[in-house]
J.: 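Starting off with a structure, shown below.
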Amino acid sequence: MRKIILLIVLLPLASNARKNHFSLGLEAFNQFTGKTQVNNEGTLNYFSPQLFIASEYFINIDKENNFSLHPNISFGIPRTNGDENTHSMTIVGSFAAGWTLDQFLLQVGLGLELNLIWANGGTERLNNGDTYTDFWLPSGLHTSRNLIINFSGDWFFLYNWALRTGGYVYNLESSHKRSLSYFFGVHYHFGAEK
Amino acid sequence: MKKLLIFFLFTSLQAHAFTFNNNIEARFEDPSIVVNINGADCENSQLDPDTLYQMAYDAVTDYWNQVPSSSLFLKMGTITEDATNTFYTEPICSSQDPCVPNENIKVDKYILISCNDDPQNFPSKNILGLTLTNNISGGYIRGALFLLNDTPGNLFNDLSRDEIVAVIAHEIGHAVGLGHSPTEDALMYFSLIPKRRSVGGDDIAGVTYLYPKEQPFGIISCASIDTGGGPHFFFPFLLGLALISFIIRKVKIS
Ligand SMILES: [Zn+2]
């Protein structure tokens with residue numbers, strides 16, 4: 001039974017094996033697409049990417065059938081969300097199964113997205129209607145954790161260079177909080193020779 | 001130029017004002033929070049309790065319940081008939097500078113939205129609403145009161161339905177522990193903007209800071225409070241994927 005499952009999964013794939021290697025990528029990451037207003041005209045964040053640095057290991061577990069595993073860690077540059085006194089940063093760790101088909105690598109897996117939010121305390125003077133008020137700022141670091149389903153596709157336009165696009169799916173169980181982030185970028189594969 | 005419409009936030013000594021909550025005391029302990037509506041009619045702003053209920057539903061659904069990285073989930077409760085006239089007429093502070101919360105309109109639990117016609121609360125018609133977390137104990141918000149300005153000549157009759165929903169969503173932001181944001185794209189900016197459709201990045205950061213999503217361990221309680229429909233298959237799905245990965249690996253090794 002187990003071998004039948006494996007056969008079904010791997011049968012359509014051509015042989016184009018690579019050895020185990022490491023890759024590093026630069027990606028544009030658009031978080032929670034369509035969930036965030038980005039200006040006072042009502043524009044939503046369908047394209048408001050932040051810079052992501054992605055690192056990944058390619059473990060070839062079945063060279064004949066081009067089946068691989070991909071531990072990945074990606075992180076964004078710390079950002080301010082418009083308020084210079086508070087900062088946030090996104091880190092994603094994932095583990096995906098991959099299939100190579102000629103110049104293409106498809107992946108699907110699971111992961112965890114961390115959103116780190118921090119500030120150094122103190123107060124910020126802000127308009128409060130008919131007067132200005134000192135509002136307290138957060139003090140310390142809080143981190144949210146979201147389970148994600150991650151998927152991606154790579155096109156190796158050169159042997160060591162690939163264009164990548166993909167996404168993360170969040171909160172499938174919730175009709176309100178269900179969301180999609182997407183990314184696209186370029187990866188360099190170190191020592192990916194067959 | 002668009003008329004500047006102003007929100008207002010009161011805070012007691014216990015409840016600091018903040019841009020993001022810096023104080024663990026100033027959040028609800030349970031991120032599943034009920035929003036109730038006072039049963040008094042809003043005589044001067046043509047907002048009856050049923051209309052207000054529907055608008056509050058839209059406010060929680062279209063704004064705060066949308067944040068993927070936060071466990072905050074607001075649910076509509078009931079139109080209450082307890083002390084309706086007291087909530088409609090009394091001042092929110094029994095004395096000012098600093099505000100001492102009026103015990104007569106202390107909210108026992110969750111969030112209560114009420115119209116109010118006391119001119120002490122609303123010295124200017126530009127003030128659309130005010131919110132006070134007027135029941136804090138054990139380090140947490142237990143109850144918060146949001147009063148809509150129903151004094152004669154208030155500005156609600158000049159607002160579109162979408163704008164009133166945005167005002168309600170803004171004040172609910174205060175009720176759950178957020179202060180103002182300096183950025184215009186944030187719902188917690190101090191005034192209405194020309195077109196409001198969603199929370200801004202600063203709102204997401206603020207509510208995530210206060211009520212972070214904590215998966216995988218929080219996923220079961222999260223699913224149980226989400227009444228928005230949809231099958232709760234995410235966790236079994238993850239387990240299934242992990243199992244398939246494991247089986248494939250074992251096959252390969254053997
Ligand atoms: Zn406000």
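Every value quoted in this text rests on a predicted model; they were computed, and no experiment measured them. Chain naming here is simple, since letters A, B, ... match the order of the sequence lines and numbering starts at 1 in each.
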J.: Relative to chain B, which segment of A:L114 carries a heavy atom at a distance below 4.5 Å: side chain, backbone, both, or neither?
T.: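 Interface part for A:L114: neither.
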J.: With rounding to the nearest 0.5 angstrom, report the OG to CZ distance, A:S174 to B:F73.
T.: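 A:S174 atom OG to B:F73 atom CZ measures 6.0 Å (nearest 0.5 Å).
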J.: Can you tell me how far the CG atom of B:N65 sits from the NZ atom of A:K177, to the nearest 0.5 Å?
T.: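 The distance works out to 5.5 Å.
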J.: Measuring from A:E41:CD to B:R197:CZ, what's the distance to the nearest 0.5 Å?
T.: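 So the CD of A:E41 and the CZ of B:R197 are separated by 11.5 Å.
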J.: Please check if any side-chain donor atom of B:Q215 sits under 3.5 Å from a side-chain acceptor atom of A:N171, or the reverse.
T.: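 Distance-only check passes for B:Q215 and A:N171.
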J.: Pick one of side chain, backbone, both or neither for A:T143, based on which atoms fall under 4.5 Å of a heavy atom in chain B.
T.: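 For A:T143, the contact with chain B is made by the backbone alone.
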J.: Hey, could you give me the CG/OH distance between A:L141 and B:Y209, rounded to the nearest 0.5 Å?
T.: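 A:L141 CG to B:Y209 OH: 7.5 Å, rounded to 0.5 Å.
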J.: Less than 4.5 Å apart, side chain to side chain, heavy atoms only: is that true for A:Y170 and B:K213?
T.: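 Side-chain contact under 4.5 Å: no.
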J.: Hey, mind stepping through B:D202 and A:T80 against side chain to side chain contact (heavy atoms under 4.5 Å, CB included) and telling me if it holds?
T.: CA-CA 8 Å; B:D202 210 22; A:T80 63; over 6 Å; no
J.: State, with a plain yes or no, whether a side-chain heavy atom of A:T36 is found less than 4.5 Å away from one of B:V199.
T.: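 Not in contact.
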J.: What part of B:S124 gets closer than 4.5 Å to chain A, counting heavy atoms only: side chain, backbone, both or neither?
T.: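 Nothing of B:S124, per the 4.5 Å heavy-atom cut-off to chain A.
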J.: Indicate yes or no: at least one non-hydrogen side-chain atom of B:V67 is less than 4.5 angstrom from one of A:K35.
T.: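 With C-beta onward as the side chain, the pair stays apart.
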J.: To the nearest 0.5 angstrom, please state how far the CG atom of B:L210 sits from the OG atom of A:S144.
T.: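 Going from the CG atom of B:L210 to the OG atom of A:S144 covers 12.5 Å.
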J.: With side chains defined as the heavy atoms from C-beta onward, is the minimum distance between B:P182 and A:E124 less than 4.5 Å?
T.: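 Yes; the side chains approach each other to less than 4.5 Å.
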J.: Is the count of non-hydrogen atoms from other residues, nucleotides or ligands lying under 6.0 Å from A:F22 atom CZ greater than 12?
T.: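 Yes, CZ of A:F22 has more than 12 neighbouring heavy atoms, counting only those of other groups under 6.0 Å.
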J.: In terms of heavy-atom proximity below 4.5 Å to chain A, should B:T183 be classed as side chain, backbone, both, or neither?
T.: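 Interface part for B:T183: side chain.
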J.: Less than 4.5 Å apart, any side-chain heavy atom of A:F32 and any of B:Q66?
T.: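 Not in contact.
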J.: Looking only at the side chains, is there a donor atom on one of B:E184 and A:N40 sitting less than 3.5 Å from an acceptor on the other?
T.: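 On atom types as modelled, these side chains qualify, holding a pair under 3.5 Å.
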J.: Is A:Q37 reaching over with its side chain to a backbone N or O of B:S198, donor-acceptor style, under 3.5 angstrom?
T.: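 Yes; at least one donor-acceptor contact below 3.5 Å.
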J.: Look at atom OH of A:Y182 and say whether more than 12 heavy atoms of other residues, nucleotides or ligands are closer to it than 6.0 Å.
T.: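 Buried by this count: over 12 neighbours within 6.0 Å.
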J.: Between CG of B:D185 and CG of A:N45, what distance do you get to the nearest 0.5 Å?
T.: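 One finds 10.5 Å between CG of B:D185 and CG of A:N45.
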J.: For A:N120, does the CG atom sit with more than 12 other heavy atoms under 6.0 Å from it, leaving out its own atoms?
T.: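 No, because the 6.0 Å sphere around CG of A:N120 holds 12 heavy atoms or fewer from other groups.
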J.: Whether the side chain of A:N115 engages the backbone of B:S69 through a donor-acceptor N/O pair (distance < 3.5 Å, no angle test) should be reported.
T.: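 Checked: no pair found.
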